[in-house]
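Read through the structure below, which is laid out as structure tokens, and then see the notes.
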Amino acid sequence: MHSIAEVLNKDYIGKDVTLHGWIYRIRTSGKLTFIILRDSTGLIQLLSSTKSLTPEQHRELSGLTVESSLEVTGTVREDTRAITGFEVEIHSYRIFQRNESFPISRDLGEEFLLDNRHLWIRSREFTAVLKVRSTIFKAFADFYYNNGFYQVQPPIMVSTATEGGSTLFKVPFFGEEVSLSQSSQFYLETFIFSLEKVFTISPSFRAEKSRTRRHLTEYWHAEAEVAWIGNEEMMKIEERMIEYIVSEVIRHNEEDLKILGRDIEFLRNIRAPFQRIRYADLMKMAQEWGLPLKYGDDLGADEEREIMVHFDKPVFVTHFPKSLKTFYHMPDPENPDEILCHDLLAPEGYGEIIGGGERIWDLKQLEQRMAESNLDPKDYYWYLDLRKYGSIPHSGFGLGMDRLAWWIMKQETIRDAIPYPRTIRRIKP
RNA sequence: GCCGUUGUAGCUUAGCUGGUAGAGCACUCGGCUGUUAACCGAGCGGUCGUCGGUUCGAAUCCGACCAGCGGCGCCA
């Protein structure tokens, strides 16, 4: 048994190989039939003819359809006319299944492909997407393992909101109603008191009725929390992490990026350090660029896009006004109206992919900020406990893995970066 | 939630001011000993999203509803 990628090699010329996979294309030309076979590693042309098969066998192979599954044994030869430079002349085979007409052919509509995502997964394009995603998830975890972090597993079913504004998914829980997690941050903060440096990649859920190309209701949320460090040190870790993930994708997925039409040279330029811009300075710059922004405005999607036109690497925006961020962010001691936080904006119009910063670690200060936000301390008793027993300075961040994958692959919508997107209007397949 | 837009064969679509619904792909059959999303010929395939209205006559005009997509707000 051989893989297709393995056999696309001069060492196999003249040798017999056994391949298995699915029919990617099939066409007949007179008494010859060309089958393009697909497996997880690539494509290869197979030749069926009466030279090496009986007329009945040749006829059976010629009658196969796209995505039929089979195993073939044949002889490899080099042939520049074949799609990947080599061809296998079949002399025996086994058909596992001959399909009826495969629903997906050429000229595909967006809605149809989403309805048939379970089949579209097999396409060359989506196979490339899945391979790049696999690298991104591995590289994220590797980066943190290599830097002394522990991976932890926070709960998914939770009883409190982490952030006031976002809408929660309610699920029944033995006669009670609980929520699906929309951020693991508070739980991650609990882990640093035993492990100091922790990360997780877990699903998060947002019941916001967002209808945009960058929102999912279920997404993969990568989060880290680090003891003893502040906002600037946190950003240093993040920029190296992004650089590492992008470099790993370039190293392992060059072919996939080509299939997706991604400009690899652009990605090669994604190297730390990334520029830091204070919110107040960004507002001044935006005004010079003619954007209708003033101090105190939040960055909308349009503003992010217009700002990022001026950069070809991700940019950290820091020191947001207190009013724009939630209660747990640490105010800047030098200017308490601003907080020690950062958003990382991706270039090329992709916008925010990371939100993070330093957390308030003083109990009184946290209680005061919660009171300002009209939050009931009882709901957060365990979060407040962390500030009662050996509290320490610490920072963390949350990264939308699907958004990162979406940007790295430069896909049209975030739905094209995740196999089974969940949105306000889509729960199938 | 608000605003916009689209819906014709399994898929992609043409059909303009109302007059018997047309093509390509897929599939089936036939032709071609080197095809590259092959090509050539034939066949199969449609309650024009749904319901209602206007009209002698509606895919086409009007209304409501349903579904998808896009934008905003919110966020990762």
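Throughout, a chain's letter reflects where its sequence line sits, starting with A, and its residues are numbered from 1.
- With rounding to the nearest 0.5 Å, the separation of CZ in Arg214(A) from OG1 in Thr413(A) is 12.0 Å.
- Side-chain atoms of Leu32(A) lie closest to G34(B) of the nucleotides A76(B), G71(B), G34(B).
- Checked against A76(B), C2(B), C32(B), the side chain of Lys31(A) finds its nearest nucleotide in C32(B).
- For G71(B), the OP1/OP2 oxygens have a side-chain nitrogen or oxygen of Arg213(A) closer than 4.0 Å.
- Nucleotides U60(B) and U35(B) place their P atoms 47 Å apart, quoted to the nearest Å.
- Within the 4.0 angstrom heavy-atom criterion, only backbone atoms of the sugar-phosphate kind lie near Arg426(A); the bases stay farther away.
- Between the C1' atom of G1(B) and the CD atom of Glu208(A) lies a distance of 13 Å, rounded to the nearest Å.
- When Watson-Crick and G-U wobble pairs are counted only if both distances are under 3.5 Å, C39(B) pairs with G31(B).
- If you run side-chain hydrogen bond (donor to acceptor under 3.5 Å, both in side chains) between His221(A) and each of Ser184(A), Ser183(A), Ser204(A), only Ser204(A) comes through.
- Partner assigned to G10(B) is C25(B), using Watson-Crick or G-U wobble distances below 3.5 angstrom.
- No close placement of the His394(A) and Trp361(A) rings is indicated, their centers lying 6.0 Å or farther apart.
- When rounded to the nearest whole Å, the span between CG of Leu64(A) and P of U35(B) equals 21 Å.
- Each of G1(B), A37(B), A76(B) was ranked by its minimum atom distance to the side chain of Arg25(A); first place goes to A37(B).
- Each of Ile424(A) and Asp298(A) lies near RNA chain B, and the nucleotide nearest Ile424(A) is the one positioned closer to the 5' end.
- Pairing for G52(B) is with C62(B), a Watson-Crick or G-U wobble pair whose two hydrogen-bonding atom distances lie under 3.5 Å.
- G7(B) sits 13 Å from C16(B) when the P atoms are compared, rounded to a whole Å.
- Checking C27(B), G73(B), G1(B) against every side-chain atom of Arg98(A), the shortest atom distance belongs to C27(B).
- Shown here, C16(B) forms no base pair; nothing in the strands shown gives a Watson-Crick or G-U wobble contact with both key distances under 3.5 Å.
- With a 6.0 Å cutoff to the six-membered ring centre and a 45° limit on the axis angle, Lys325(A) counts as a cation-pi contact of Phe320(A).
- Only the P atoms considered, C51(B) is 14 Å distant from A58(B), to the nearest whole Å.
- Comparing the same atom, P, in G1(B) and in A76(B) gives a spacing of 22 Å after rounding to whole Å.
- Among the nucleotides G70(B), A76(B), G34(B), the one closest to any side-chain atom of Glu352(A) is A76(B).
- Separating the P atom of G63(B) from that of U20(B) is a span of 26 Å, rounded to the nearest Å.
- A donor-acceptor contact under 3.5 Å links the side chain of Ser210(A) to the base of C74(B).
- Comparing C75(B), G1(B), U33(B) against the side chain of Thr50(A) picks out U33(B) as the nearest.
- The P atoms of U13(B) and U55(B) are separated by 35 Å, rounded to the nearest whole Å.
- Spacing between A42(B) and A23(B) at atom P, rounded to whole Å, works out to 11 Å.
- Taking the P atom of each, C69(B) and G31(B) are spaced 46 Å apart, rounded to whole Å.
- The nearest heavy atom of RNA chain B to Arg214(A) and to Arg415(A) marks one nucleotide each, and the one closer to the 5' end goes with Arg415(A).
- A tilted orientation is assigned to the rings of Phe274(A) and Phe316(A), their planes being inclined by 30° to 60°.
- Rounding to whole angstrom units, NE2 of residue His215(A) and P of G1(B) are separated by 16 Å.
- Residue Arg305(A) is in sugar-phosphate contact alone, with no base atom involved, counting any heavy-atom pair closer than 4.0 Å across all strands shown.
- We find that CD of Glu303(A) is positioned 13 Å from P of C75(B), with the value rounded to whole Å.
- Of the candidate nucleotides C74(B), A76(B), G34(B), G34(B) has the atom lying nearest to any side-chain atom of Phe34(A).
- Checking Tyr328(A) against Gln185(A) by side-chain atom types alone, a donor-acceptor pair falls below 3.5 Å.
- Ring geometry, Phe397(A) versus Phe140(A): the interplanar angle exceeds 60°, so the pair is classed perpendicular (tilted spans 30 to 60°).
- For C75(B), the base has a donor-acceptor partner in the side chain of Arg403(A) [N/O atoms by modelled type, under 3.5 angstrom].
- As rounded to whole Å, 18 Å separates atom P of G49(B) from atom CZ of Phe112(A).
- Remark: C1' of C27(B) and CD1 of Ile104(A) are 16 Å apart, rounded to the nearest angstrom.
- Note: CZ (Phe137(A)) to C1' (A76(B)) measures 12 Å, nearest angstrom.
- Note on Asp79(A): a base of the nucleic acid sits closer than 4.0 angstrom, heavy atoms only.
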>> For His58(A) and Ser48(A): C-alpha separation, side-chain torsions, deciding distance, then whether side chain to side chain donor-acceptor pair (under 3.5 Å) applies.
In response: CA-CA 6 Å; His58(A) 173 67; Ser48(A) 167; 2.7 Å; yes

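- Backbone-only engagement by Leu114(A) is indicated by non-hydrogen atom pairs under 4.0 Å involving sugar-phosphate atoms exclusively.
- Counting non-hydrogen atoms under 4.0 angstrom, Ala82(A) reaches a base of the nucleic acid.
- Stacking between Tyr219(A) and A76(B) is present: the aromatic ring centre lies within less than 5.5 angstrom of the base six-membered ring centre, and the two planes differ by under 30 degrees.
- By the 4.0 Å N-to-carboxylate-O rule, Arg94(A) lies too far from Glu71(A) to be salt-bridged with it.
- Straight-line distance from the CZ atom of Arg211(A) to the C1' atom of G4(B): 11 Å, rounded to whole Å.
- Nearest nucleotide to the Thr413(A) side chain, out of U35(B), G68(B), G70(B): G70(B).
- Syn is the classification of U33(B), since its glycosidic angle stays within 90° of 0.
- Counting any heavy atom pair closer than 4.0 Å across all strands shown, Ile354(A) reaches sugar-phosphate atoms only and no base atom.
- Figure legend. C69(B) is base-paired to G4(B); pairs are counted as Watson-Crick or G-U wobble with both atom distances under 3.5 Å.
- When distances run from any side-chain atom of Arg81(A) to the nucleotides C74(B), G34(B), A76(B), the shortest one goes to G34(B).
- At a threshold of 4.0 angstrom between heavy atoms, the contacts of Arg77(A) include nucleobase atoms, whether or not backbone atoms are also involved.
- A donor and an acceptor atom sit less than 3.5 Å apart, one in the side chain of Gln45(A) and one in the base of U35(B).
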